**Q** 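This is the structure, below, for whatever I ask next.
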Amino acid sequence: MIPVMKPWLGPEEAEAASAAVLSGWVAQGPKVAAFEDAFARRVAALHAVAVSSCTTALHVALHLLDVRAGDEVVVPSLSFIATANAVRYCGATPVFADVEPETGNLSAATVEAVLTERTRAVILVHQAGVPADVDAIRALCGPRGVTVVEDAACAAGATYRGVPVGADAEMAAWSFHPRKLITTGEGGMLTTNRAEWATRAKRLREHGMSVSAAERHSGGGAVVESYLETAFNYRMTDIQAAVGLVQLSKLDAIVRRRRELAARYHELLAEELGADVPGLRAVRDPEHGTTNYQSFWVMLPDEVAVTRNDVLARLAERGVSARRGIMAAHLEPAYAGHPHVGLPVTEAFTTRSLILPLYHDLTAEEQVTVVGELKAALRLPLPSH
Ligand SMILES: *Cc1c(COP(=O)(O)O)cnc(C)c1O
């Protein structure tokens with residue numbers, strides 16, 4: 001079976017985890033601090049706060065903005081469901097906006113269509129690692145006092161107008177789940193250029209404590225902490241951060257390899273399917289940046305007679321583990337009855353797209369197999385040999 005994704009983990013990560021365990025310091029401590037510094041440098045942000053997942057990073061981000069009941073936060077429905085859920089955690093209302101067909105991301109036009117007096121923030125997702133047009137959306141939101149929080153869960157190593165995604169973000173949330181480019185098993189990060197947000201985020205992840213547990217344990221004297229507000233336990237462990245440091249050192253190599261593999265997919269798709277399926281589209285770099293190809297999605301045109309799910313079933317039978325394209329939260333039972341505007345592009349994406357296998361050590365032969373099987377699954381004429 002060719003899997004859809006495989007993390008690129010090796011003995012270096014195992015040794016780093018082992019060393020963290022043997023050091024006796026396994027909860028949030030010096031490795032988390034080192035991982036935060038290294039990650040902030042890599043994405044050119046001033047501050048990074050490690051947390052337990054991207055989901056909790058998004059929750060902390062909205063909490064920092066004091067988003068609460070009665071407030072609205074604009075989100076794409078076309079995203080992993082955690083994006084919308086983070087808004088509900090605050091008691092606020094997620095407002096779904098449609099996406100643009102080229103990138104699968106929100107645009108200034110789709111956001112503007114759903115802004116109201118109650119809009120407090122927009123969660124702008126760089127979906128599947130394709131950079132969204134942040135400047136256009138901030139130009140729309142800034143003057144209205146609406147904060148743009150970037151959901152960069154999938155976007156480590158992607159670039160926007162020549163700089164890393166997240167470099168200039170008000171706040172950006174990142175994921176280290178194994179489905180993303182680099183992993184700590186579970187884990188997340190919140191980055192920002194505002195010192196006061198970073199300081200409070202560090203408190204919010206740790207029960208609202210005035211002095212972090214790591215500071216208390218490493219300091220010599222007796223330090224008595226106080227609890228300044230009701231907060232959370234969203235800490236990352238030093239074992240995870242030790243793995244994260246090794247993974248981060250591989251990020252450039254991972255992005256380079258994914259972009260090579262994606263270029264090969266583009267060639268193969270054009271050669272094998274181009275003539276028969278003229279409307280077939282696959283994820284590409286937008287004009288304003290470069291993707292890390294976190295997911296290589298392919299969009300089937302309406303003219304294709306077979307359904308996407310039939311294509312997936314046929315591929316699975318033939319040993320190719322593809323996946324449905326990005327989900328749409330508004331179609332899930334958790335959001336049944338939740339009011340929203342028409343979301344035609346979102347619905348086309350989620351029903352007509354699929355994700356092809358792409359991981360660091362995918363081989364050229366495997367790519368040929370994947371495209372050949374996709375061709376067969378679409379019931380296209382096969383070469384007669
Ligand atoms: C994966 C993902 C998340 C959730 O990340 P976790 O670290 O698993 O919480 C949130 N948003 C998007 C867009 C994602 O792809």
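None of these values were measured; they are calculated from a predicted model. Just follow the structure's listing: the first ligand is 1, and inside any ligand the first atom is 1.
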**Q** For Q247 and E13, does a side-chain donor sit closer than 3.5 Å to a side-chain acceptor?
**A**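 Yes, because at least one side-chain N or O of Q247 sits under 3.5 Å from a partner of the opposite role on E13.
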**Q** Can you tell which of T369, L315, V370, L261 makes a side chain to side chain contact (heavy atoms under 4.5 Å, CB included) with P357?
**A**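 By the side chain to side chain contact (heavy atoms under 4.5 Å, CB included) criterion, P357 pairs with just one of T369, L315, V370, L261: V370.
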**Q** Examine T55 against ligand 1 and note whether any of their N/O atoms are separated by less than 3.5 Å.
**A**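 Yes: some nitrogen or oxygen of T55 is under 3.5 Å from one in ligand 1.
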**Q** What I want to know is whether S175 and ligand 1 share at least one N or O pair that is separated by under 3.5 angstrom.
**A** yes
**Q** Looking only at the side chains, is there a donor atom on one of R323 and S321 sitting less than 3.5 Å from an acceptor on the other?
**A** yes
**Q** Considering only the protein, which heavy-atom contact is closest to atom 15 (O) of ligand 1, and what is its distance?
**A** K180 NZ, 2.6 Å
**Q** Identify, with sequence neighbours excluded, every residue that meets side-chain hydrogen bond (donor to acceptor under 3.5 Å, both in side chains) alongside K202.
**A** none
**Q** For C154, take its heavy atoms, then give the atoms of ligand 1 lying under 4.0 Å from any of them.
**A**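 Per the distance check, 15 (O).
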**Q** Under 4.5 Å between any side-chain heavy atoms of H330 and L343, yes or no?
**A**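 H330 reaches L343 side chain to side chain.
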**Q** When you measure from the heavy atoms of Q294 to every atom of ligand 1, does any distance fall below 4.0 Å?
**A** no
**Q** For C54, which part has a heavy atom under 4.0 Å from ligand 1: side chain, backbone, both, or neither?
**A** both
**Q** Taking the side chain as every heavy atom from C-beta outward, state whether H340 and Y335 have any atom pair closer than 4.5 Å.
**A** no
**Q** For G188 and ligand 1, answer yes if some heavy atom of the residue is under 4.0 Å from a ligand atom, otherwise no.
**A**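 Not so, G188 does not reach ligand 1.
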**Q** Determine whether the side chain, the backbone, both or neither of R179 has a heavy atom under 4.0 Å from any heavy atom of ligand 1.
**A** neither
**Q** Taking the side chain as every heavy atom from C-beta outward, state whether K6 and L362 have any pair of such atoms under 4.5 Å apart.
**A** no
**Q** Which pairs with one or both residues in residues 53-65 pass side-chain hydrogen bond (donor to acceptor under 3.5 Å, both in side chains), sequence neighbours excluded?
**A**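 The answer is S52-T56, S53-T56, H59-Y234.
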**Q** Just going by heavy-atom distances, which of S295, A153, A84 is nearest to atom 12 (C) of ligand 1?
**A** A153
**Q** Could you tell me which atoms of ligand 1, counted from 1 in the order shown, lie closer than 4.0 angstrom to a heavy atom of T83?
**A**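 The atoms of ligand 1 under 4.0 Å from a heavy atom of T83 are 11 (N).
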**Q** Evaluate V125 for polar contact with ligand 1, using N/O atom pairs at a separation under 3.5 Å.
**A**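 There is no such contact.
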**Q** Quick one: does H177 get an N or O within less than 3.5 Å of an N or O on ligand 1?
**A** no
**Q** Quick check on contacts: which atoms of ligand 1 are under 4.0 angstrom from a heavy atom of S79?
**A** 13 (C)
**Q** Decide yes or no for F39 and F176: does some side-chain heavy atom of the first lie under 4.5 Å from some side-chain heavy atom of the second?
**A**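 The answer is yes; the side chains approach within 4.5 Å.
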**Q** Give the contacting part of D151 toward ligand 1: side chain, backbone, both or neither, where contact means a heavy-atom distance below 4.0 Å.
**A** side chain
**Q** Would you say G187 touches ligand 1, if touching means a heavy atom closer than 4.0 Å?
**A**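 So G187 counts as touching ligand 1.
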**Q** Going by heavy atoms in the side chains, are E206 and E225 under 4.5 Å from each other?
**A**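 Of all side-chain heavy-atom pairs linking E225 with E206, none is under 4.5 Å.
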